[in-house]
Number of protein chains: 2
Amino acid sequence: MIRVMIADDHQLFAEGLSQALNALPDTRVVGVVDSGPALEQALNNQPAEVCIVDIEMPGGDGIETISNLGMRTKAIVVSMHASDQQTERAREAGAKGLFSKGVPLTTLAAAIRAVAGGENLIDLSPEARDILLEANLQAQLDPGAAALTPREIEILQLLAVGVSATDELADRLYISQKTVKNHLASVFQKLAVSDRTQAAIEAIRLGLARPQ
Amino acid sequence: MIRVMIADDHQLFAEGLSQALNALPDTRVVGVVDSGPALEQALNNQPAEVCIVDIEMPGGDGIETISNLGMRTKAIVVSMHASDQQTERAREAGAKGLFSKGVPLTTLAAAIRAVAGGENLIDLSPEARDILLEANLQAQLDPGAAALTPREIEILQLLAVGVSATDELADRLYISQKTVKNHLASVFQKLAVSDRTQAAIEAIRLGLARPQ
DNA sequence: AGACCATTAGGCCAAACGACCCATCGAAAT
DNA sequence: ATTTCGATGGGTCGTTTGGCCTAATGGTCT
């Protein structure tokens, strides 16, 4: 789970991005602030691996804030209109990446994973950067979730959309109720939960529920 | 449920806003496009009560698109830096509201509700507008959810974060297990579900789970 | 004052659930 | 070839759950 802090004075953008990142299974937004100083303060109270910083913010832009972050938190700069000058300034301040707000969410998410993994995107050629991002498109699921078998994932997907009764699950999967209970038992163990309600919640959190 | 279409060439913003609005219980984003013409086309295939249009988009700005919408769909304009000139142009084109991207999500959500309800925010004085928005801050919950009592909502909130066992719920709420089961029974009836797993899923969908 | 409702709590009971055993089959890995 | 593992199924047992009914209390609204 990558902890992310967002600094952007456009609340609509910040809150929306926060929601979107929280919907991913491997990122969690731990704070949203609207200025550079507020970001520094927030990071003192609540550590985060990566912060997303708008380059254009009132009261001193984000660049000097990034310079002050040091090693604690990697910074990815987002900008309304990315330019070469901005990239240069961001690089000097120590930012690990710079993206226009016009990129898809998947790209930013990939960048967050890459940067959290120690990569520095800002020094790469566009081609090398794109290859690296491509490799990080897939969310890194929790260890527990990764160990789930295909059949167990099927059961979780049904659970997460409200198919909770044993007999219904058995009907949907064309297996006996006993087999459903066996699968559920091993799901409970792998996810460290104790009943199907908690399993359903975990499934939703892991992004296993396909949106209706 | 208010169907919303988003037109904005900044994908990060559009996707984030989409997620955020979908997380609200009474709005549903039915389409995201990145240009004015694409918006007109999308609305032909998929009706929506309200559309959110960025005023600054490449390939002809959003203003003329709004003029073409007619009565079908109410438009709310969002802008990076709201100005009086932009407001005037948006009004002439028939937009029902204009907001800076710096406003909180709750404000935009309130505006969507007001506009969907037939209000025209753009002709109002700032004071009158704020009063109207204030009145629309609360999401209009589903009929079933609206009838939930405070105690029932408390139970649902706990359910949605994984407190699913009767004895745990009783401990957390300082009531007997019997009372917990009574509350659950009436929750099941009001939400038209049959067990706590489905109730938890519904609670999450209704936005009753406070994010941790 | 009376009506209504949220909150609390109890009893009863059938059904469902979860925990703990075990067994078979086939595919994949070694 | 042997092992491993996923998927399938079975049995048993104690616990939990959900349905249904009743009832006391305290607040609010009319």
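Predicted model, so just to flag it, every value in this text is computed and none were measured. Quick note on labels: first sequence line is chain A, next is B, and so on, each numbered from 1.
- Between T197(B) and S164(A), the side chains place no donor N or O within less than 3.5 Å of an acceptor N or O (distance only, hydrogens not considered).
- When rounded to the nearest whole Å, the span between CG of L184(B) and P of dC17(C) equals 15 Å.
- With sequence neighbours excluded, the residues satisfying salt bridge (Lys or Arg N to Asp or Glu O under 4.0 Å) with R151(B) are E154(B).
- Among residue pairs with one or both ends in residues 7-16 of chain A, those qualifying as side chain to side chain donor-acceptor pair (under 3.5 Å) are D8(A)-H10(A), D8(A)-K101(A); sequence neighbours excluded.
- Across the protein-nucleic acid pair, R196(A) atom CZ and dA15(C) atom C1' stand 12 Å apart, rounded to whole Å.
- Here E152(A) pairs with K190(A) in a salt bridge; the nearest charged N to carboxylate O distance falls below 4.0 Å.
- Think of the region where chain A sits on DNA chain D: with heavy atoms and a 4.0 Å cut, that region ends 5' and 3' at dG6(D) to dG11(D).
- Look at CD on Q189(A): it is 11 Å from P on dC21(C), rounded to the nearest Å.
- For the side chain to side chain contact (heavy atoms under 4.5 Å, CB included) with R196(A), the qualifying choice from I201(A), V187(A), T166(A) is T166(A), the only one to do so.
- Side chain to side chain, Q198(A) and S194(A) meet the donor-acceptor criterion of an N or O pair below 3.5 Å.
- By the neighbour-count criterion of 12 heavy atoms within 6.0 Å, atom CD of E168(A) is densely surrounded, having more than that number from other residues, nucleotides or ligands.
- Contact check for Q46(B) versus V30(B): side-chain heavy atoms found under the 4.5 Å cut-off.
- Each of P150(B) and D167(A) was matched to the nucleotide of DNA chain C holding its nearest heavy atom; the match closer to the 5' end belongs to P150(B).
- Every residue two or more places apart in sequence or in another chain that forms a salt bridge (Lys or Arg N to Asp or Glu O under 4.0 Å) with E88(B) is listed here: R91(B).
- One can place CD of E154(B) at 15 Å from P of dA6(C), the figure rounded to the nearest angstrom.
- DNA chain C is contacted by I175(B), S176(B), K178(B), T179(B), N182(B) of residues 174-182 of chain B, taking any non-hydrogen atom closer than 4.0 Å.
- The pair E49(B)-K74(B) does not meet the salt-bridge criterion, since no charged nitrogen lies less than 4.0 angstrom from a carboxylate oxygen.
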Set out, in order, the CA-CA distance, both residues' side-chain angles and the distance that settles salt bridge (Lys or Arg N to Asp or Glu O under 4.0 Å) for R205(A) and E202(A), then state yes or no. CA-CA 5 Å; R205(A) 199 187 65 76; E202(A) 194 64 12; 2.9 Å; yes

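- In the helix from dA1(C)-dT30(D) to dT30(C)-dA1(D), the end axes, each obtained as the rotation axis mapping the C1' atoms of four pairs onto the next four within a five-pair block, lie 60° apart to the nearest 10 degrees.
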